[in-house]
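Structure record follows, encoded as structure tokens.
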2 protein chains.
Amino acid sequence: MTGWVAIAGLGPGAEALVTPEVTATLADATDVVGYIPYVARVAERPGLTLHASDNRVEVDRARHALQMAAEGRRVVVVSSGDPGVFAMAAAVFEALEAGAPDWRDLEIRVLPGITAMLAASARAGAPLGHDFCAINLSDNLKPWALIEKRLRLAAEADFAMAFYNPRSKARPEGFARVLEVLRAACGDDRPVIFARAVSTPEEKLTVVPLTEARPEMADMRTVVLVGSSLTRVLRAGDRPLVYTPRSAPE
Amino acid sequence: MTGWVAIAGLGPGAEALVTPEVTATLADATDVVGYIPYVARVAERPGLTLHASDNRVEVDRARHALQMAAEGRRVVVVSSGDPGVFAMAAAVFEALEAGAPDWRDLEIRVLPGITAMLAASARAGAPLGHDFCAINLSDNLKPWALIEKRLRLAAEADFAMAFYNPRSKARPEGFARVLEVLRAACGDDRPVIFARAVSTPEEKLTVVPLTEARPEMADMRTVVLVGSSLTRVLRAGDRPLVYTPRSAPE
């Protein structure tokens, strides 16, 4: 039996946002590895072993997946959203680079998924409808100074912005500092979207001007989107629609 | 009958990358509007009218969709990729803002899809595995100076970059200039990925160092990804795997 590894994106939460490619690959797997709440989204069945692990052990998990594939198993590494956006794909390639040379002969595929910022953008309207950037606000793996530098340059470039991992119990002050940097660099009325758990029963969408944005509006299940200088908020019925026009003036 | 508009992303090309949400919504529609090659991806059936239109008439198409919904029809506006990323969602909201006031009472949903840069990233490995930006290189709707400014700031921020619409017959010189700006701002060996028509029979993936990147490697079906200073190229079997590690050094 020839083993393989597929690194699959389960999307933001709803079953209707899981691609048929991912569903078919899970049906063909012998093993699923991933962070506990993502593995919990995979249905148990005979012949499938679920290996759920805690947060912050991404490279251990990746090594385990590669080792099982080298032994002939068909392994799916599950991420939420898209595996290539602040998720497991990079961790698997880090483990591959540092690991056994014969692992490089394994079939390794990345199966894209609906990443959180695009699910959030769809719910809010089209805030990322023009040039934008995506920044992981966690400073677990990078210096805080780099985060601030990127924020300032992104504001100067007038990108719309998407922030992943805005806030954790371990560093509640980081996101407050992000809002300070943005207030200094952008206009007061820049729209900010707090999109929590989009497409799940816990979904909550909040749209506020930058002056009214507060750190406690975000948690680790929230993605935060910030408009560019051209982003507009329309009232449509009882909800705000946020979009960034396709045109920028001369 | 209550009309609605759904702005749906068909993904990069393969049926296996169309979400079940989009498939179900198309099954419930009375009308589909969109650019000719995207409408051609929707199967004909009794009760469904296909309205295919040419490129560069996005706002006319959006108005048509809103007008039909106001008349009680169930209209899907199709985009390739994700409708919120350089696609039809922003055009529909532009038409909504400028249009009849009662259009704002319509049910308007955006259905996310797999956008080209994430399909390309998945095929190449995980080049967008750390902070990144997405820039539309078309200067149809924005001044060229803004594109160059964003390129320079994105390079200074050390973002990985994804470029949409890199090259057209109408402006072959633009992408050559982009490569010049990048060569001046980034290292010579920065990996560049030309990902053409990912997930279709015409798929072609080319990975070269920045010094070897040539304008003619891109066309309008290509998305171009450029690594950050930390992006690595691994050889795995006969193919290059490009990934950006999750960590940045202090």
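Numbers restart at 1 for each chain; the letters A, B, ... are given by sequence-line order, proteins then strands. Just so you know, these numbers use all the heavy atoms, side chains as well, and skip hydrogens, waters and symmetry mates.
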With a 4.5 angstrom heavy-atom cut-off, which part of [X] approaches chain B: side chain, backbone, both or neither?
X      : answer
A:A160 : neither
A:E15  : backbone
A:M88  : neither

At a heavy-atom distance under 4.5 Å, which candidate from [options] has the highest pair count against chain B?
options                       : value
A:I108, A:L111, A:L106        : A:I108
A:S247, A:A236, A:A16, A:S121 : A:A16
A:P20, A:P245, A:G113, A:G129 : A:P20
A:R150, A:K142, A:E156        : A:R150
A:A119, A:S199, A:G125        : A:G125

Side chain from CB out, backbone as N, CA, C, O: work out which of these in [X] comes under 4.5 Å of a heavy atom of chain A, or both, or neither.
X      : result
B:F132 : both
B:N136 : both
B:P249 : backbone
B:A24  : neither
B:I114 : both
B:V85  : both

Spatial distance of atom CG (A:L241) from atom CZ (B:R104) [nearest 0.5 Å]: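 Separation between the atoms: 8.5 Å.
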Atom pair CZ/CG of B:F159 and A:L153 - distance to nearest 0.5 Å: 7.5 Å
Residue selection (most heavy-atom pairs with chain A, distance under 4.5 Å) from B:G84, B:A124, B:A134, B:P127: B:A134
Choice from B:D158, B:T23, B:T244 maximising heavy atom contacts with chain A below 4.5 Å: B:D158
Minimum-distance pair of heavy atoms, taken over all atoms of [X] and [Y]:
X      : Y      : value
B:L118 : A:T115 : CD1-CG2, 3.7 Å
A:A248 : B:L146 : CB-CD2, 3.7 Å
A:A126 : B:A89  : CB-CB, 3.8 Å

Pairs flagged by salt bridge (Lys or Arg N to Asp or Glu O under 4.0 Å) wherever residues 228-245 of chain A is involved - sequence neighbours left out: A:R232-B:E97
Test salt bridge (charged side-chain N to carboxylate O under 4.0 Å, His left out) applied to A:R246 - qualifying residues, sequence neighbours left out: B:E58, B:E94
Side chains of B:F93 and A:V242 in contact at under 4.5 Å (non-hydrogen atoms):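 Side chain of B:F93 against side chain of A:V242, heavy atoms only: no contact under 4.5 Å found.
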